[in-house]
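Contents: one structure, followed by commentary.
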Amino acid sequence: DLLARLADPSRRPDAALVTAAHAALAAAAVDGRLDVTDLAPPERVRTLDGSVADAADAVVLDAPWIAAVLPDDTIVAGGEPRALADLLDLPMAAEVVDGEVVGEGRAVPWSALPDVVVTCHTLGVAVPVGELRRHEELAVVLRAPRPGRHQVPAWRDEAGRWHAADPV
């Protein structure tokens, strides 16, 4: 019933409610209250911008930086990404997006970035170990799904290195 309501184009839920509903569905699947095999995959899904999209055009956001290169009307988010992707029979964004960072950037230790240190302290998390690659302008060239050059604020490359536009 919830999947049908989420896909009803006459409804107008906001992004926070849609994300919470998806998180609840994913949690129910993870803890066994919902058996994904008992459900037919939906033909339409509610996306991050509140619109309803054909399932064939949507992806589950599994890496937040990827959202910068995808249209909001294709992104489904909320809860444990793998569980949500299985529930909705959608691919994960990282499986669809294929691209690479333009340039190497300048290596800077995370601990040398005052904004990162203050943010980590405020959130009560440790400052990351290692380094960030800073770029005056950070761009990613995509081969898929929308080929071309895209400006992004941050990106994690295939080698696991973090890149960010300056200022971070």
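- Side-chain contact between Val76 and Val45: present, with at least one pair of heavy atoms (C-beta onward) separated by less than 4.5 Å.
- Within the 4.5 Å cutoff, no side-chain heavy atoms of His150 are placed close to those of Val102.
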- Message: I'd like to know whether Trp162 forms a ring pair (Phe, Tyr, Trp, His ring centres under 6.0 Å) with Trp155, so could you lay out the CA-CA distance, the side-chain angles of the two residues, the decisive distance to 0.1 Å, and finally the verdict.
- Response: CA-CA 6 Å; Trp162 280 102; Trp155 197 263; 9.1 Å; no
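- What you find for Val152 and Ala68 is that their closest heavy atoms are CG1-CB, 3.8 Å.
- Atom CZ of Arg134 sits about 4.0 Å away from atom CG of Asp166, to the nearest 0.5 Å.
- Side-chain contact between Asp14 and Leu17: present, with at least one pair of heavy atoms (C-beta onward) separated by less than 4.5 Å.
- Looking only at distances, no side-chain donor or acceptor of Thr19 sits under 3.5 Å from a matching main-chain atom of Ala16.
- Looking only at distances, a side-chain donor or acceptor of Asp62 sits under 3.5 Å from a matching main-chain atom of Ala93.
- You'll find the side chain of Leu113 reaches within 4.5 Å of the side chain of Leu132, heavy atoms only.
- Ala26 approaches Ala83 most closely through the heavy-atom pair O-CB, 3.8 Å.
- For His22, the ring-ring contact (aromatic ring centres under 6.0 Å, His included) criterion is met by no residue, not counting sequence neighbours.
- Using a 4.5 Å cut-off on side-chain heavy atoms (C-beta onward), Val52 and Leu6 make no contact.
- Salt bridge Arg161/Glu104: present, at least one basic N to carboxylate O contact under 4.0 Å.
- Leu70 places a side-chain heavy atom less than 4.5 Å from the side chain of Pro145.
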- Message: Checking Leu3 against Leu88 for the side chain to side chain contact (heavy atoms under 4.5 Å, CB included) test, could you report, in this order, the C-alpha distance in whole Å, the side-chain angles of both residues, the deciding distance, and whether it holds?
- Response: CA-CA 9 Å; Leu3 288 174; Leu88 301 175; 3.5 Å; yes
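- To the nearest 0.5 Å, the span separating CZ on Arg82 from CE on Met92 amounts to 4.0 Å.
- For the residue pair Asp157 / His163, a side-chain donor-acceptor distance below 3.5 Å is found, with atom types taken as modelled.
- Atoms CG and CG, from Leu90 and Asp57 in turn, are 10.5 Å apart once rounded to the nearest 0.5 Å.
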- With side chain to side chain contact (heavy atoms under 4.5 Å, CB included) as the test, would you mind laying out the steps for Asp49 and Asp73 before giving the verdict? CA-CA 6 Å; Asp49 75 345; Asp73 65 354; 3.4 Å; yes
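- When the side chains of ILVMFWY residues are joined at heavy-atom separations under 4.5 Å, either directly or via intervening members, Val101 and Val141 end up in two distinct hydrophobic clusters.
- Clustering of Ile, Leu, Val, Met, Phe, Trp and Tyr side chains at separations under 4.5 Å leaves Val30 isolated, with no partner residue.
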- Task: For the pair Asp72 and Thr47, evaluate side chain to side chain contact (heavy atoms under 4.5 Å, CB included) and give the outcome as yes or no after the intermediate values.
- Result: CA-CA 7 Å; Asp72 289 345; Thr47 61; over 6 Å; no
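- The shortest side-chain heavy-atom distance between Leu48 and Val18 does not fall under the 4.5 Å cut-off.
- Hydrophobic clustering keeps Val118 apart from Val116 (ILVMFWY residues linked when any side-chain heavy atoms are closer than 4.5 Å, directly or through intermediates).
- The residues Glu131 and Arg133 are annotated as salt-bridged, a charged nitrogen and a carboxylate oxygen being separated by less than 4.0 angstrom.
- When every heavy atom of Pro41 is checked against every heavy atom of Asp89, the shortest pair comes out as CB-CB, 3.6 Å.
- With respect to the salt-bridge test (charged N to carboxylate O, under 4.0 angstrom), the residues Asp8 and Arg11 qualify.
- Taking a cutoff of 4.0 Å between a charged side-chain nitrogen and a carboxylate oxygen, Glu100 and Arg156 do not qualify as a salt bridge.
- The shortest distance between side-chain heavy atoms of Glu80 and Leu84 does not fall below 4.5 Å.
- Closest approach of Leu25 to Leu34, counting heavy atoms only: O-CD2, 3.9 Å.
- Here the closest heavy-atom approach between residue Arg33 and residue Ala27 is recorded as NH2-C, 3.8 Å.
- Between the side chain of Arg146 and the backbone N or O of Val69, at least one donor-acceptor pair lies under 3.5 Å.
- For the pair His135 and Gly103, the tightest heavy-atom approach, listed with the atom from each and the gap, is CE1-O, 3.4 Å.
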